[in-house]
Each structure stands twice: as C-alpha cells, then as structure tokens.
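Indexing begins at 1, ligand by ligand and atom by atom, following the structure's order. For reference, positions follow the sequence shown, starting with 1.
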Amino acid sequence: MEQVNTTIDNLKKILIENEEISTLLNPESLSLLENHIKQAKCIFFVGAGRTGLALKMAAMRFMHLGFEVHVVGETTTPAILENDLLIVGSGSGTTSTLVLATEKAKKQNATVIAITADEHSKIATLSDQIIAIKAAVKTDFGISASEQYAGSLFEQSVLLILDAVFMTLWQKSGLTKENLWPKHANLE
Ligand SMILES: O=C([C@H](O)CO)[C@H](O)[C@H](O)COP(=O)(O)O
C-alpha cells in the first residue's frame, strides 16, 4: 500500500466505486428479484461473514414491509419449502456452507437467487437467477475492480442494492413510514 489518503478522500473513493456498481447492474435481473420477493411465501436470506451481516440488515427491511422473512442460522428459522425464496449472497460464489444451503434449497424446489461478484461460480450456476455485482471478490489481489480491501465493495453493494429494492417495493405498496413503523422492534 503506497498511497495514504485522507479518510474523507477514501470515503469519496468508496462512494464513487459504489456509484460505478449501480451503472453496471442489469435492471431486468432486479425486476425479476422484485417479482420473486412479492410472490414468495417466505423469503430466506443466507450469507457468511460481512456479506451475511449485510443480508441481515436488508432482511429486516423486508420484514418491515410485511414479508415473512427468515435469516438462515437463526434458531427460529424454519424449513425452506417449495414456493419459498432463498436469497444467497456470496461475493466469491464458492463459500462451502452457502453452496450447501443453495443445493438444499434447490432440492426442496425453492427458488434461489444468488447475489454474487462471480457469475460463473458454483453458487451462480446452481441458482435460478443471479444478481451480478461487478465488484472485486475477497481474494482479488493485484489489479482489481476495487481499491478497497477484500470483499468490502461487494458487501457494501449487497446492502445498497437490497435497500434500493426495498424502496421500490415500498413505493409500489403505497404504505407510509407511519404504516411501517408498528413492525419496528419494540423490545430493544
Ligand atoms: O466476511 C467476509 C470477508 O471479510 C471478505 O471481505 C466475507 O463476506 C465472507 O468471507 C464470505 O465470503 P463470500 O461468500 O465470498 O461473500
């Protein structure tokens, strides 16, 4: 690492990288994701590490909008079944626990949508549909789609894109902020 920037300059770089990601997204794949979310009986989210954390943040928003949402790995998460949707996030598309979850969901005839930076990865290949994010994967050393460390750009994009999907569905729902508020946790 030769160059040291100010933190503000680095923040600007991060924002520019995220802006670039938004121009490279396939709008049709996002519309399909919106439709699958609307049609699913239950929506399951699964991811590991920081990707998993980004998905957990997004999952809460869909719960606020009234969808039945589960995060894989939580003790209260039920079995995935036909007519359910699994949203799997994996920058590399190769994380072994997520490959397994994808395979198991497909065996149950659930729909699987992968959000990944590698559209040729194992998870992408197993999934019904992919949201391809043109970000670096965590081992993308050397020349890379991002100056940030490891999968940071991918992980940020997962949250931003799903927040944007949430906003679209929210706007279409006609619900107000006040309508959504009763779903907010009241035991915290
Ligand atoms: O936490 C992570 C790591 O810090 C990379 O930035 C990843 O999200 C985690 O290792 C899962 O990897 P992927 O399945 O490739 O997203």
Side-chain angles (χ1 to χ4, degrees), residues 1-5 7 9-22 24-26 29-30 32-33 36-37 43-62 69-75 77 80 84-108 110-166:
M1 166 81 44
E2 302 127 28
Q3 201 185 332
V4 177
N5 300 316
T7 298
D9 283 340
N10 283 328
L11 176 59
K12 285 179 185 161
K13 261 181 202 281
I14 290 170
L15 294 173
I16 289 167
E17 286 190 354
N18 275 283
E19 165 79 30
E20 175 73 5
I21 291 291
S22 73
L24 299 172
L25 285 169
N26 175 348
S29 68
L30 294 172
L32 281 171
L33 172 62
H36 279 295
I37 288 175
I43 308 161
F44 291 71
F45 289 83
V46 68
R50 284 169 48 108
T51 309
L53 293 173
L55 286 165
K56 272 189 180 182
M57 289 175 70
M60 181 201 268
R61 284 289 178 259
F62 292 101
V69 165
H70 300 286
V71 173
V72 175
E74 300 293 332
T75 48
T77 299
I80 194 164
D84 290 339
L85 170 66
L86 177 68
I87 298 179
V88 51
S90 176
S92 61
T94 57
T95 302
S96 54
T97 51
L98 307 178
V99 172
L100 265 180
T102 304
E103 286 171 339
K104 285 185 175 177
K106 285 308 305 165
K107 252 191 197 152
Q108 295 301 322
T111 302
V112 180
I113 297 184
I115 306 178
T116 183
D118 185 351
E119 47 198 301
H120 305 294
S121 61
K122 178 88 178 160
I123 291 171
T125 312
L126 288 168
S127 300
D128 296 292
Q129 194 212 312
I130 65 164
I131 306 292
I133 299 181
K134 309 273 184 209
V137 300
K138 61 190 172 191
T139 51
D140 199 356
F141 305 130
I143 297 167
S144 164
S146 173
E147 283 189 49
Q148 298 183 64
Y149 176 63
S152 293
L153 177 59
F154 174 78
E155 293 138 22
Q156 291 151 7
S157 307
V158 167
L159 176 61
L160 294 179
I161 292 164
L162 289 176
D163 265 354
V165 170
F166 160 81

Novice: For Ala54, check side-chain contact (heavy atoms from CB on, under 4.5 Å) against everything at least two apart and list the hits.
Specialist: Val158, Leu159
Novice: List the steps and the verdict of side-chain contact (heavy atoms from CB on, under 4.5 Å) for Ser127 and Thr102.
Specialist: CA-CA 7 Å; Ser127 300; Thr102 304; 4.0 Å; yes
Novice: If the condition is side-chain hydrogen bond (donor to acceptor under 3.5 Å, both in side chains), which residues does Asn26 pass it with, not counting sequence neighbours?
Specialist: none
Novice: Under 3.5 Å, is there a donor-acceptor pair linking the side chains of Glu17 and Gln156?
Specialist: no
Novice: For His70, enumerate each residue passing the ring pair (Phe, Tyr, Trp, His ring centres under 6.0 Å) test, keeping only those at least two apart in sequence or located in another chain.
Specialist: Phe44
Novice: In Å, rounded to the nearest 0.5 Å, how long is the span from CZ of Phe154 to CD1 of Ile161?
Specialist: 8.0 Å
Novice: Given a heavy-atom cut-off of 4.0 Å, could you list the residues near ligand 1 in chain and number order?
Specialist: Ala48, Gly49, Arg50, Thr51, Ser90, Gly91, Ser92, Thr95, Leu98, Lys138, Ala150, Gly151, Glu155
